[in-house]
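In what follows, a structure is listed as structure tokens, so that the remarks can point back to it.
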Number of protein chains: 2
Amino acid sequence: MISGKFAITIHILTLLHKFPNDFLSSEFIAGSINLNPVLVRKEIANLKAHHIVESKEGKNGGTKLAVNAAELTLKQIFEMTFESIGLGFAKNQPNPDCPVGKNINQHLEALYSEMNQKVSAQLEGISLEDFSNQF
Amino acid sequence: MISGKFAITIHILTLLHKFPNDFLSSEFIAGSINLNPVLVRKEIANLKAHHIVESKEGKNGGTKLAVNAAELTLKQIFEMTFESIGLGFAKNQPNPDCPVGKNINQHLEALYSEMNQKVSAQLEGISLEDFSNQF
DNA sequence: AAATTTGTAACATATTTTATTACAGTATGA
DNA sequence: TCATACTGTAATAAAATATGTTACAAATTT
């Protein structure tokens, strides 16, 4: 779940923000995303590990936001689901006997690191509340 | 080849820039990237389609740069290999009967579009020559 | 006690990426 | 002119990754 993780997580959080007084079930959330409920629960497990949401087991259980949506930034969500942005690396270890191969990944990393800073700055300026209130 | 395309292409171009007077074979290039030569030729086909390199078939054939490395920007390479950056979408069509599901992709696209602008601005300021001269 | 839900593991399927094989076509140069 | 060494490309295979499903124990409500 590399490409969908961020999108699914922000979808979940937007729903939780829209229903602040309810514990939403994974099945309900899955119905909005059109995704298997087990995968929703897996993303929720990640959110729980970061103390962003709390869940209640058992009948009428579900999940709700555990933080202030105005204080949760998209940057935090990004970091919980993506780690870092970039344009990728060649899969195999490049040839260490070639001056280019030996250093390419290091230079790509530097480039991507700068990209991350720019993207992070953008995402830091947007709260979950901001995002959710667009709907 | 989503994640590796940019990295492989810039690796190819850096090598071509380092040997401006030679036609480099796909096998030589593949040896530096540690990649199958057929995949190198595929990326070269893409570069040829954009008139960035020229190839010579036959014995002693290979590929060389066809543009000025000082004028080729990483943004152009990005656009030839990645199209756009972003944090992904959920794979399935979200529920159109849910106000959140109905609009989430549109809002994500707007967010990613802004990300792209920032990243493009960064990459536009770096030429292949700049990148290659780091080595 | 019955019903409903989370949490999680195990497994299955689908998709995407990467690698390989094969070979026709082209240029070089002995 | 013939052997050699390349490109170009298609077809296929293998590997890796992402997504989906099933199953069921544990928890909680009514």
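With rounding to whole Å, B/L39 atom CG is found 14 Å from D/dA11 atom C1'. For the pair B/N46 CG and D/dT9 C1', the computed distance is 15 Å after rounding to whole Å. The separation between B/E57 atom CD and C/dG25 atom P is 11 Å, rounded to whole Å. Distance NZ (A/K48) to C1' (C/dT5): 12 Å, rounded to an integer number of Å. For the pair A/F23 CZ and D/dT30 P, the interatomic distance rounds to 12 Å; values are reported in whole Å. As rounded to whole Å, 9 Å separates atom P of C/dT20 from atom CG of B/L35. Between the NZ atom of B/K5 and the C1' atom of C/dT16 there is a distance of 13 Å, rounded to whole Å. To the nearest angstrom, P of D/dG20 lies 12 Å from CD of A/E43.
Note on A/T63: nothing from the nucleic acid sits closer than 4.0 angstrom, heavy atoms only.
The backbone N or O of B/P99 lies less than 3.5 Å from a partner atom in the side chain of B/N103, making a donor-acceptor pair.
For C/dT6, neither phosphate oxygen OP1 nor OP2 lies less than 4.0 angstrom from any side-chain nitrogen or oxygen of A/S55.
By the 30° and 60° cut-offs, the orientation of the rings of A/H107 relative to B/F131 is perpendicular.
Both A/K59 and A/N34 lie near DNA chain D, and the one whose nearest nucleotide falls closer to the 5' end is A/N34. The residue among A/K91 and A/N36 whose nearest nucleotide of DNA chain D is located toward the 5' end is A/K91.
How far CD of A/E71 is from CD of A/E129: 9.5 Å, rounded to the nearest 0.5 Å.
Heavy atoms from other residues, nucleotides or ligands lying under 6.0 Å from CD of A/E27 number 12 at most.
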**Study point:** Worked check of side-chain contact (heavy atoms from CB on, under 4.5 Å) between B/I33 and B/I12
**Key:** CA-CA 8 Å; B/I33 307 180; B/I12 293 170; 3.9 Å; yes
Between the protein and nucleotides 8-13 of chain C, which nitrogen or oxygen pairs are less than 3.5 angstrom apart?
from: C/dT8; atom 1: O4; to: A/R41; atom 2: NH2; distance (Å): 3.3

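Under the ring pair (Phe, Tyr, Trp, His ring centres under 6.0 Å) criterion, the residue pairs touching residues 23-79 of chain A are A/F19-A/F28, with sequence neighbours excluded.
Counted by atom type alone, B/N116 and B/S113 present zero donor-acceptor pairs between their side chains at under 3.5 Å.
Each of D/dT29, D/dG8, C/dG7 was ranked by its minimum atom distance to the side chain of A/N60; first place goes to D/dT29.
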